[in-house]
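See below for the structure under consideration.
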2 protein chains.
Amino acid sequence: MEKNLAEITGQKAASHPKVDRRRAPETAERILDAAEMLFSWRGFYGVSLREIAAEANVKLALTHYHFGSKENLFSAVIDRRAADHAARIERALEQAMAVTGARRERREAILSALIATIVDRAMRGGPGWKNYVRLLAFVANHPQEEEYVSPFRTHYDHVIHDFVDALSALHPEMAALDVQWGFFFFQAATTHILVESGMLDRQSGGALLSSDLDALVDRMVPFFAAGFMGLGAGD
Amino acid sequence: MEKNLAEITGQKAASHPKVDRRRAPETAERILDAAEMLFSWRGFYGVSLREIAAEANVKLALTHYHFGSKENLFSAVIDRRAADHAARIERALEQAMAVTGARRERREAILSALIATIVDRAMRGGPGWKNYVRLLAFVANHPQEEEYVSPFRTHYDHVIHDFVDALSALHPEMAALDVQWGFFFFQAATTHILVESGMLDRQSGGALLSSDLDALVDRMVPFFAAGFMGLGAGD
DNA sequence: GTCTATAATGGGATAGAC
DNA sequence: GTCTATCCCATTATAGAC
């Protein structure tokens with residue numbers, strides 16, 4: 001069961017020049033890159049520090065020197081990007097709330113602020129970001145009882161709260177709980193899709209690709225914006 | 001292979017036949033129950049056979065005696081319920097396709113055939129079913145590259161295909177790919193929600209409960225039925 | 001900071017008595 | 001079918017040389 005993941009997925013951790021000029025600062029980064037990639041595919045339990053060290057071309061002991069423990073390394077992977085990522089999403093939400101026009105369009109702008117910002121990082125932020133986004137979605141799909149999800153919560157809980165507030169302000173005619181339901185459905189689909197489980201590819205026979213995230217956004221935003229009307233949103 | 005030890009040793013035979021027949025099936029069932037529960041929370045890698053044996057009040061060696069290997073045990077957990085479960089969903093779909101009325105209602109009936117049937121098993125099938133449904137959703141959220149997802153695919157891929165067909169037949173005015181997108185969104189939200197990640201509870205401050213799946217169905221079906229109108233479905 | 005070596009533990013799997 | 005005992009290997013983590 002433990003096959004070489006790089007061969008299967010054709011993926012590598014974020015690449016760095018082979019020739020090391022300054023090893024010291026780069027080593028920790030390489031370990032983070034490797035951990036980010038491997039954790040994003042198999043989760044916390046499915047990856048060993050040995051695999052991470054090998055993927056990073058680093059000796060095993062260095063993972064402990066730089067990060068102390070496996071759990072610490074996992075947290076470090078998230079902490080490297082989470083604050084910046086959450087801030088980007090918050091900024092996009094602010095811009096979306098400044099949009100004027102029909103409420104349907106304003107609703108779409110809000111939803112797009114979340115999914116399009118995430119997709120932008122995954123598609124145009126470099127290979128590390130793609131892995132990070134997958135990891136983010138992966139963790140979001142796990143029970144909150146797991147300890148390793150807590151770093152994720154501290155960074156993103158308030159973001160989600162702000163989105164619900166924005167939608168509630170846009171739709172005073174809706175019951176507050178219905179707004180929460182609707183956004184939860186949107187968020188649920190988002191996190192499922194971004195793990196790239198490959199289901200979409202298989203079910204469509206390749207006509208729809210999980211990797212084509214831009215096409216995803218174009219379908220997802222109008223679909224979910226319309227969904228709110230099923231819960232009583234006036235158009 | 002599995003000879004009766006009493007015959008070989010010449011000891012008395014018929015002393016415990018009833019006890020053996022009662023115990024034999026029960027042990028394997030207890031192991032399956034424990035594995036089902038633990039796998040559903042922490043996944044394949046996050047659980048050890050020792051934990052499973054302890055949870056089942058059984059010695060470690062018995063897990064190997066009854067199931068051979070860890071992978072085999074995982075498959076056995078799925079095989080115990082998957083065929084019955086898939087058949088229930090298929091039957092519900094057939095009944096939904098017999099519904100007459102407005103297309104919106106027929107669309108809701110189809111979506112409900114999936115989610116309500118799953119929720120029915122989770123809520124009213126007993127504790128084992130609740131764990132199975134969580135495991136089902138858990139695995140659906142994992143990359144298809146993982147080998148342990150294949151037993152799920154063989155049991156459920158055709159079910160999903162039939163749902164897409166039913167929706168496509170209902171909406172000839174929609175592009176076939178858009179129907180696939182819409183159902184994929186629905187399925188994505190379904191699998192995310194059923195892992196009971198606890199997000200909903202946290203975000204709503206307890207006003208919405210992940211465990212209240214019946215309330216979920218009441219919101220989810222109209223929401224996603226309306227979503228299709230965002231992709232060009234005539235009402 | 002990086003290396004080799006090793007401790008200490010837990011993992012899956014098996015043998016053989018009963 | 002169930003038990004005890006054990007093998008063998010992978011795991012996380014640490015010690016100490018350089």
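These numbers come from the heavy atoms of this one structure, side chains and all, not from hydrogens, waters or symmetry mates. Quick note on labels: first sequence line is chain A, next is B, and so on, each numbered from 1.
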Does the [X] side chain pair with the main chain of [Y], one donor and one acceptor, at a distance under 3.5 Å?
X         : Y         : value
Lys70(B)  : Thr63(B)  : no
His161(B) : Asp157(B) : no
Arg42(A)  : Val47(A)  : no

Looking at residues at least two apart in the chain, or sitting in another chain, which of them share a side chain to side chain donor-acceptor pair (under 3.5 Å) with [X]?
X         : result
Gln144(A) : Arg202(B)
Arg121(B) : none
Ser210(B) : Asp201(B)

(request) Looking only at side-chain atoms of Leu62(A), point me to the closest of dT2(C), dC3(D), dT14(C). (result)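 Nearest nucleotide to the side chain: dT2(C).
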(message) Taking the minimum atom-to-atom distance to the side chain of Leu60(B), which one of dA13(C), dC3(C), dC3(D) wins?
(response)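 Nearest to the side chain of Leu60(B) among the choices is dA13(C).
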Quick one: is [N] close enough that its OP1 or OP2 comes under 4.0 Å of any side-chain N or O from [X]?
X        : N       : answer
His64(A) : dA13(D) : yes
Lys70(B) : dA13(C) : no
His66(B) : dT2(D)  : yes

(request) Answer yes if the side chains of His192(B) and Gln187(A) hold a donor-acceptor pair under 3.5 Å, and no otherwise. (result)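 Checked: His192(B)/Gln187(A) side chains show no N/O donor-acceptor pair below 3.5 Å.
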(message) Counting only heavy atoms and a strict 4.0 angstrom limit, can you tell me which residues of residues 46-53 of chain B come near DNA chain C?
(response)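 Heavy-atom cutoff 4.0 Å gives Val47(B), Ser48(B), Leu49(B), Arg50(B).
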(request) For Ser69(A), report the nucleic acid contact type (base, sugar-phosphate, nothing); a contact means any heavy atom under 4.0 Å. (result)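 Ser69(A): backbone/sugar contact only, no base atoms under 4.0 Å.
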Contacts table for residues 126-133 of chain B: side-chain donor-acceptor under 3.5 angstrom, sequence neighbours left out:
from      : atom 1 : to        : atom 2 : distance (Å)
Asn131(B) : OD1    : Arg134(B) : NH1    : 3.0
Asn131(B) : ND2    : Pro127(B) : O      : 3.4
Tyr132(B) : OH     : Tyr156(B) : OH     : 2.6

(request) Note down the inter-axis angle between the two ends of the helix from dG1(C)-dC18(D) to dC18(C)-dG1(D), five pairs each, to the nearest 10°. (result)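 For the helix from dG1(C)-dC18(D) to dC18(C)-dG1(D), the axes at either end differ by 0°.
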